[in-house]
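Here is the structure we will look at.
Model, not experiment: these values are computed from the prediction. So you know, we letter chains A, B, ... as the sequences are listed, proteins then strands, and number each from 1.
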Amino acid sequence: MSAALFEFLTRMGDNTLVLGHRVSEWCGIAPVLEEDIALANTALDLIGQTTLWLSLAGEVEGKGRDADALAFHRDVWDFRNLLITEQPNGDFGQTMMRQFLFDCWHVLYLDALRNSSDARIAAIAEKSLKEVTYHFERSAETVIGLGDGTEESHRRMQAALNRLWPFVGEMFDSDAVDQEMIAQGIAPDPQALRPAFDAKLTDVMAKATLAIPGDDFSHAGGRNGARHTEHLGHMLTQMQWLQRAYPDATW
Amino acid sequence: MVKPRPTIETIWGWLADVPDPEIPVISLVDLGIIRDVCWQDDDLVVTVTPTYSGCPATRIINLDIETALHKRGIASLRLERQLSPAWTTDWLSDAGRQKLEAYGIAPPQPAGGPKQCPRCQSPDVERISQFGSTPCKAQWRCTSCLEPFDYFKCI
Ligand SMILES: [Zn+2]
């Protein structure tokens, strides 16, 4: 098996798993019923995509681990998600800003993956992109509505953007795994997607009357597992509780 | 004695009687998720594509296909999942679209919103939410009769 391919697939699957779980934390407590349903459906799409990515990761690895084993039987240091996906929900505005920033990247990345030299990856990307395009429309619209809303909603959305901005740069980092994926025609160069991301971002933030922070400092350590933020471990204690207490329990 | 095996057309007919578990007025064939039915030696292979990747009905759909075909005497059945080409609401049959509308769910439109209220046929409708009670639906409201209704999302 290719170690780099397994690494790449866990990055994809862990992004959707961790963000999907985070978004699902809103289920039953969102500000209004329609938003509750929308968030739960978004989470469901992301968890569905996780099953596709992590099943393929397990298959490529060839050690008999399926998507459930990878999701529930790994600890923090084995996770390869972007740091932005593990950040706490905060208020509804912060959740939607996190969703928008992730969707904006996700749409571009999946779109490029449709041309992957690996047909299995191209098929998952094609399927996921339809769902994620829909997520992007909703998160962009919500960010614009709240940013260009009341004084209070504007203040909160600007605070959310400032809080999450240092996690944007990691989406475009590139390392040896990426280089191998690029060389094999499996995945795009993340750096090459930055101009398209900036164009979408600038457009939406202008409509939302929000100021993009000037400081380009960015955290790293999620996608290579070197250093997650403290939040992921706490999240896993919730997400993995049942499988840790009763290993291999089935429904 | 060798029992003649049913033709592919006959099997498509049987599948056309299997209802979608979430919207039982339409069948799995109407929904456009059965992509292929064929015999491979003595195995019947049915290729199914998921509507949404996280749709919880997927497992039930597979179970319903198995149950329906086993009941008709198909002993050796294999279900295969096909992701590409990805499912699109363009594959909904015309009969399926009509059944949806009669049931009170506005069928998908390329314009991205319902053509009319499925109850009073008024074209004056507004969106409540991009999402609804299942992954394939959104919530809309009629501004003439004021009834909320489901719209089958166009993807
Ligand atoms: Zn009406």
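- Salt-bridge formation is not detected for the pair B:R141/B:E147: no Lys NZ or Arg NE/NH1/NH2 atom is positioned less than 4.0 Å from an Asp or Glu carboxylate oxygen.
- Within the 4.5 angstrom heavy-atom criterion, no atom of B:T58 approaches chain A.
- A:K127 touches chain B through backbone and side chain together, each having a heavy atom under 4.5 Å away.
- Ring pair A:F8/A:W53 is perpendicular by interplanar angle, where above 60° counts as perpendicular and below 30° as parallel.
- For chain A, the nearby part of B:Q139 is the side chain; its heavy atoms alone come within less than 4.5 Å.
- Using cut-offs of 30° and 60° for the angle between ring planes, the B:F131 and A:H135 rings count as tilted.
- Ranking A:Q49, A:E35, A:E131, A:R120 against chain B, the residue ahead of the rest is A:E131, based on heavy-atom pairs under 4.5 Å.
- Ion pairing between A:D103 and A:R138 fails under the 4.0 Å rule for side-chain N and carboxylate O.
- Both the backbone and the side chain of A:L44 come within contact range of chain B, with heavy atoms under 4.5 Å apart.
- Across A:A43, A:A40, A:A123, the residue that shares the most heavy-atom pairs under 4.5 angstrom with chain B is A:A123.
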Is there a side chain to side chain contact (heavy atoms under 4.5 Å, CB included) between A:R98 and A:R22 once you walk through the steps?
CA-CA 11 Å; A:R98 184 187 61 199; A:R22 272 285 184 239; 3.8 Å; yes
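- With a threshold of 4.5 angstrom between heavy atoms, A:L129 does not approach chain B through any atom at all.
- Interface summary for chain B: among A:A119, A:G20, A:A38, the most heavy-atom pairs under 4.5 angstrom belong to A:A38.
- Below 30°, between 30° and 60°, or above 60°: for A:Y109 and A:W105 the angle between ring planes is below 30°, a parallel geometry.
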